[in-house]
Amino acid sequence: MISDDFMVPEPVRVLRKQQELETTWTLELEPGGAGRRPFLPGQFNMLYMFGVGEVPISLSGDAGQTETLIHTVRAVGPVSNKLAALKPMDAVGLRGPFGVGWPMTAGEGADLLIVAGGLGLAPLRPAIYHVLRHRERYGRVILLYGTRSPEDILYAGQLEEWNKRPDVEVHITVDHAGGDWLGKIGVVPSLVPSLDFDPEDTVAMVCGPEVMMRFTVNALRDAGVEDESIYLSMERNMKCALGHCGHCQFGSTFVCKDGPVLSFDRLRGLLSLKEF
Amino acid sequence: MDNVDDGSVITRQGLQCLLDALAQRGYTVVGPTVRDQAIVYEELARIEALPAGWTDEQDGGLYRLKRRSDDALFGYAVGPHSWKRFLHPPKVSLWQATRNGDELRFVPARDEPPRYAFIGVRACELAAIGIQDRVLMGDEYADPHYRSRREQAFLVALNCSEAGGTCFCDSMNTGPDVKEGYDLVLTELLDGDNHLFLIRSGSEEGAEVLAELPREPATEAHQTAATAVVEKTRGQMGRSMPQTAIPALLMDNLEHPRWDEVADRCLSCSNCTMVCPTCFCTTVEDTSDLEGGTAERSRRWDSCFTSDFSYIHGGSVRNSTRSRYRQWMTHKLATWVDQFGTSGCVGCGRCITWCPVGIDITEEVHAIHDDVSSRDKE
Amino acid sequence: MKNIAQIVCEHPFFHGLDGEFCDLVCGCARNVRFNPGEYLFHEGGDADYLYLIRFGQVALEIAVPGKPSVRFQTLHDGDLVGVSWVLPPYHWAYDARAITLTRAIAMDAHCLRKKCDDDPVLGYDVMKRLLPILTSRLHATQMQILDVYGTPEQPE
């Protein structure tokens with residue numbers, strides 16, 4: 001039963017766990033009770049570790065399957081370290097799903113340019129699954145992925161699979177690499193100018209560290225993509241996920257409730273403002 | 001039931017009857033009283049606990065009680081408390097979790113809150129309650145803790161007979177006259193030894209309660225006197241907000257040097273957010289017992305002036321006092337309008353009075369406004 | 001088969017260059033190829049040529065003592081390799097090595113500099129083509145320095 005009290009978590013069990021990168025794991029959780037809403041690509045859950053605390057983690061699985069809820073977690077703090085140390089059958093607290101996701105409907109009929117940086121691929125993966133499930137609804141699908149080094153490529157196997165598809169274009173670049181890396185080296189926004197695409201008919205979805213998103217938005221705008229067609233997934237301090245605690249405010253938006261996915265025309269002028 | 005909606009007058013004794021009637025109905029009656037040299041809101045049984053004959057002197061960073069020359073029960077402006085302390089308490093337990101082996105359970109902490117009756121809710125405070133209603137129960141995520149307190153609350157409003165030195169509700173269009181959202185509304189009428197309260201109901205339950213009180217029908221003279229009280233108060237406002245499009249003024253001047261000047265004085269102490277009747281931000285605290293079998297999560301007031309407030313992994317978004325003050329003021333006066341349809345400021349003046357260095361939100365807006373207007377003229 | 005003038009003037013770097021200028025700069029150009037692993041130039045060497053990649057992939061590297069070279073950028077079809085040829089005293093600042101079979105146009109830097117000096121209108125045109133490349137590389141470097149994907153130092 002889902003309580004009308006959205007602050008109360010529901011206990012769920014870890015079904016499987018898989019290491020992705022040195023400090024990054026993917027957790028498959030029980031989907032929770034019957035009253036739980038299906039999630040939309042780009043939404044997040046609040047995961048609670050007993051006695052330690054709660055963190056927002058985006059859903060990184062396929063919204064079209066309901067057997068598990070998939071989250072990819074990087075161990076960076078007290079809660080995420082505990083999450084990363086969970087074993088199958090361990091219990092966590094779950095609240096969600098929360099927030100506004102990627103423009104899967106607004107993007108129909110358009111070309112999609114998906115730009116991910118580092119762990120930012122995790123919140124975008126449900127969007128990619130959705131597109132592949134409903135491939136006929138979208139035009140060209142281009143995925144640009146940038147990360148620190150070849151060892152930091154998230155979902156590497158899947159990226160390779162997607163790249164093999166004739167209907168998806170995947171470009172991967174890393175910030176730096178050793179001599180055994182034969183792929184591209186450079187930052188992900190640098191991939192945009194050399195792309196042959198129709199900016200006026202493109203919806204861009206961008207997720208990654210804020211600086212990477214800012215540089216990417218600049219490259220997309222330079223290429224002629226409209227502000228209204230550029231969507232970012234913002235990170236702010238989300239505590240309640242309901243728009244009540246006030247922590248995640250960014251100008252007029254509550255990132256937890258009005259976002260995390262926001263179109264750039266709502267962020268323009270504020271994103272580059274220091275300490276805003 | 002006779003017609004009570006045209007207004008009645010009650011005496012001091014009638015006011016006691018009101019407290020009794022509300023207690024009789026099961027309400028926990030809360031109203032103003034003097035404690036630690038300030039007028040605060042506490043549980044009341046007798047009208048003798050009201051601050052009879054007291055008033056206050058208020059200015060930037062200054063609050064002082066003074067004796068009045070009369071025995072008015074409500075002859076002062078608002079003190080450091082607001083009703084938010086009761087409707088959206090400083091600390092609320094949210095739930096308890098128990099862990100037994102690998103079993104995890106969550107039990108909502110849903111205490112039965114008191115049914116509150118508030119005595120002497122000013123126009124600015126009614127406006128503030130209306131604002132918090134929109135914030136905390138305006139959408140699908142209504143906060144059950146707030147709602148359970150709010151929906152049962154009985155509001156006895158009060159038309160102000162005295163404006164404080166930091167009051168500016170008139171320029172925020174929230175007061176000093178009470179317009180809506182109350183069960184009963186009082187206006188204190190003092191004419192020599194003749195001490196009366198004009199009383200009117202604003203809800204069905206208010207009318208029921210009023211019908212139980214010993215009262216006389218209000219005369220035209222009472223009505224005229226009540227109007228005069230409010231108009232006199234309107235003329236006493238110690239502060240005023242510039243009559244301009246404040247959201248645009250602030251959002252167009254996010255890099256104005258005035259933010260640096262105010263940051264030089266601001267101590268980031270969060271007093272303004274604690275005393276503000278609309279500030280709603282909270283954080284959560286997790287505690288667990290030593291054996292690790294139970295854990296509890298509670299919610300407490302938080303402030304955008306703390307460094308943890310904007311923390312994202314790697315650091316705080318707003319490290320400087322300048323950015324925190326700017327966040328507070330632009331939220332209160334500008335982005336709040338986008339979020340909830342009204343300003344987040346009701347003009348109660350508490351943030352000015354209780355600021356240890358006397359920072360004045362109206363002065364800050366005036367400064368940016370005057371500077372921008374003078375540059376526009378050049 | 002295309003002649004060198006067509007190849008040069010169709011390359012993105014010189015695309016849209018005035019016809020007369022095109023003939024001028026073509027006088028400095030020749031076709032080259034590099035096998036995988038072959039260096040285009042080494043750090044500290046004289047910047048006698050600039051390279052316009054026709055197809056292939058070239059990595060820019062910096063040697064780090066005791067470690068394998070760090071690759072910080074790759075360049076691809078249509079890109080320009082090398083900017084030190086415009087900056088006295090014309091020495092390369094890093095290594096450039098072909099990763100895949102790379103075909104490129106090598107422009108004689110002495111020749112191109114002289115033609116730019118002789119005709120400032122051509123010189124200005126070339127500079128306008130060069131500056132955006134320099135700027136975008138500067139921005140990319142800024143982002144790399146920030147190490148935006150790195151592990152945060154403080155906990156959540």
Side-chain angles (χ1 to χ4, degrees), chain A residues 21-24 52-56 74-81 83 116-121 146-150 152-154 171 173-194 196 208-216 218-219 222 235 237, chain C residues 11-13 15 36-39 53 55-64 66-81 94-102 129 132-156:
Chain A
L21 304 172
E22 193 187 347
T23 58
T24 305
V52 185
E54 201 180 38
V55 284
R74 175 148 82 157
V76 288
V79 181
S80 53
N81 267 298
L83 286 170
L119 218 60
L121 184 56
T147 190
R148 199 183 194 201
S149 74
D152 297 306
I153 296 176
L154 188 67
H171 302 275
T173 184
V174 296
D175 274 9
H176 44 77
D180 50 351
W181 170 250
L182 300 181
K184 290 191 169 77
I185 302 170
V187 297
V188 69
S190 318
L191 298 178
V192 175
S194 57
D196 182 21
E210 196 164 309
V211 174
M212 168 263 166
M213 292 199 287
R214 271 168 26 208
F215 278 65
T216 302
N218 291 342
D222 288 352
E235 188 195 4
N237 186 0
Chain C
H11 189 277
F13 184 73
H15 189 74
E38 199 178 335
Y39 282 92
I53 303 179
F55 65 83
Q57 174 162 313
V58 172
L60 308 184
E61 303 178 347
I62 292 178
V64 182
K67 285 185 186 169
S69 293
V70 173
R71 291 184 176 168
F72 62 93
Q73 188 174 28
T74 53
L75 298 167
H76 313 90
D77 306 9
D79 285 338
L80 166 81
V81 185
Y94 40 74
D95 301 340
R97 174 153 52 161
I99 301 295
T100 60
L101 173 69
T102 299
R129 291 162 188 272
I133 296 172
L134 282 171
T135 312
S136 72
R137 289 189 192 170
L138 182 64
H139 286 156
T141 307
Q142 288 164 343
M143 206 176 129
Q144 284 170 321
I145 289 170
L146 290 171
D147 192 19
V148 291
Y149 309 117
T151 309
E153 283 166 17
Q154 291 166 275
E156 74 218 11

Chemist: Find the one option among A/Gly120, A/Ala177, A/Gly178, A/Ala219 whose heavy-atom pairs under 4.5 Å with chain C are most numerous.
Modeler: A/Ala177
Chemist: Look at A/Asn218, A/Val211, A/Thr147 and state which one has the largest set of heavy-atom pairs under 4.5 Å with chain C.
Modeler: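 Of the options given, most contacts go to A/Thr147.
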Chemist: Sort C/Ser69 into side chain, backbone, both or neither according to what part of it lies under 4.5 angstrom from a heavy atom of chain A.
Modeler: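 Looking at C/Ser69, just its backbone touches chain A.
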Chemist: Going by salt bridge (charged side-chain N to carboxylate O under 4.0 Å, His left out), name the residues that satisfy it together with A/Glu235, two or more places apart in sequence or in a different chain.
Modeler: none
Chemist: Out of A/Leu119, A/Val174, A/Asp152, A/Asp175, which one pairs with C/Tyr149 under the side chain to side chain contact (heavy atoms under 4.5 Å, CB included) rule?
Modeler: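 It is A/Asp175; the other options fail the test.
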Chemist: How many angstroms lie between CH2 in A/Trp181 and CD1 in C/Ile99, if you round to the nearest 0.5 Å?
Modeler: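 If we round to the nearest 0.5 Å, A/Trp181:CH2 and C/Ile99:CD1 are 11.0 Å apart.
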Chemist: For C/Gln57, which atoms come within 4.5 Å of any heavy atom of chain A: side chain, backbone, both, or neither?
Modeler: side chain
Chemist: Most heavy-atom pairs under 4.5 angstrom with chain C, which of A/Gly146, A/Pro193, A/Gly208, A/Ser190?
Modeler: A/Gly146
Chemist: When you measure from the side chain of C/Arg97 to the backbone of A/Gly179, do you find a donor-acceptor pair of N or O atoms at a distance under 3.5 Å?
Modeler: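 Judged by distance alone, no pair lies under 3.5 Å.
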Chemist: Check whether any side-chain heavy atom of C/His76 sits under 4.5 Å from a side-chain heavy atom of A/Ser194, and report yes or no.
Modeler: no
Chemist: How would you list, by chain and number, every residue that makes a side chain to side chain contact (heavy atoms under 4.5 Å, CB included) with C/His15, sequence neighbours excluded?
Modeler: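 By the side chain to side chain contact (heavy atoms under 4.5 Å, CB included) rule, C/His15 matches no residue at all.
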Chemist: Would C/Arg71 and A/His176 satisfy side-chain contact (heavy atoms from CB on, under 4.5 Å), going step by step from the backbone distance to the final call?
Modeler: CA-CA 5 Å; C/Arg71 291 184 176 168; A/His176 44 77; over 6 Å; no
Chemist: Report the option among C/Thr141, C/Asp77, C/Val148 that has the most heavy-atom pairs separated by less than 4.5 Å from atoms of chain A.
Modeler: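 Top count of heavy-atom pairs under 4.5 Å with chain A: C/Val148.
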Chemist: Based on non-hydrogen pairs under 4.5 Å, which of C/Gln142, C/His139, C/Arg137 is most in contact with chain A?
Modeler: C/His139
